[in-house]
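Below: one structure, written as structure tokens.
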Amino acid sequence: MDYKTVESNIKKIIEESSNILQDVVNYLSNNIDHYSWVGIYVVEGKDLVLGPWNGPDETKHTRIPIGQGVCGSAASSGKTEVVDDVHKDSRYLSCFVSTKSEIVVPIKKDGKIAGEIDIDSDKISAFTNDDKVFLEKICDMLSEHI
Ligand code: SME
């Protein structure tokens, strides 16, 4: 499926769902092959707290201090993080043995970071600029629903 189709399907989910964040996470995880695990973290004080997620396993990192890990870096800088090889990034907090690359995209609301989408892939260098542009658009669409 191409990103334009995925984007319009997600738009529909946002318009119609009564459980938007969970349904969007499920949709991304089930429809994009290289998205192995998809989760949304929500900012709570100085921490990121795991909200809806979809993937083969649960993560032990359900609360991450802002500033720690790849997730915490994206939350403190407000910028998308793309990690081609997680084992070469000293910030990386390990969750799944199968993970090889990761993307974290902040969700902004009223000029502040309200949360983020975190995606792990079992493929090395799985995330291209197309993923970044696509996911930043999805995060904009989720901004008023987090
Ligand atoms: N790898 C993340 C932690 C979250 S798990 O991938 C679900 C990090 O380094 O912040």
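Basis for what follows: all heavy atoms, side chains included, without hydrogens, waters or symmetry-related copies. Residue numbers run from 1 in the order of the sequence given. Counting starts at 1 for both ligands and their atoms, following the listed order.
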Same apolar cluster: V42 and L28, side chain cutoff 4.5 Å: yes

Can you report which non-hydrogen protein atom sits closest to [atom], along with the distance?
{"atom": "atom 5 (S) of ligand 1", "result": "C95 SG, 2.4 Å"}
{"atom": "atom 2 (C) of ligand 1", "result": "E102 OE2, 3.2 Å"}
{"atom": "atom 1 (N) of ligand 1", "result": "L93 O, 2.8 Å"}
{"atom": "atom 8 (C) of ligand 1", "result": "V70 N, 3.3 Å"}

W53 near ligand 1 by a heavy-atom separation under 4.0 Å: no

Distance, nearest 0.5 Å, that separates NZ of K108 from CD1 of I146: 13.0 Å

By number and element, which atoms of ligand 1 are closer than 4.0 Å to a non-hydrogen atom of [X]?
{"X": "Y92", "value": "1 (N), 9 (O)"}
{"X": "G69", "value": "9 (O), 10 (O)"}
{"X": "D120", "value": "6 (O)"}
{"X": "D118", "value": "4 (C), 5 (S), 6 (O), 7 (C)"}

No-hydrogen, no-angle side-chain donor-acceptor test under 3.5 Å, D140 and S143: no

With nothing but distance in play, are any N or O atoms of [X] less than 3.5 Å from an N or O of ligand 1?
{"X": "G72", "answer": "no"}
{"X": "Q68", "answer": "no"}
{"X": "Y41", "answer": "no"}
{"X": "I64", "answer": "no"}

Working for side chain to side chain contact (heavy atoms under 4.5 Å, CB included), residues I32 and Y3: CA-CA 9 Å; I32 303 183; Y3 288 109; 4.2 Å; yes

Residue from N19, V38, I117 passing side chain to side chain contact (heavy atoms under 4.5 Å, CB included) with V25: V38

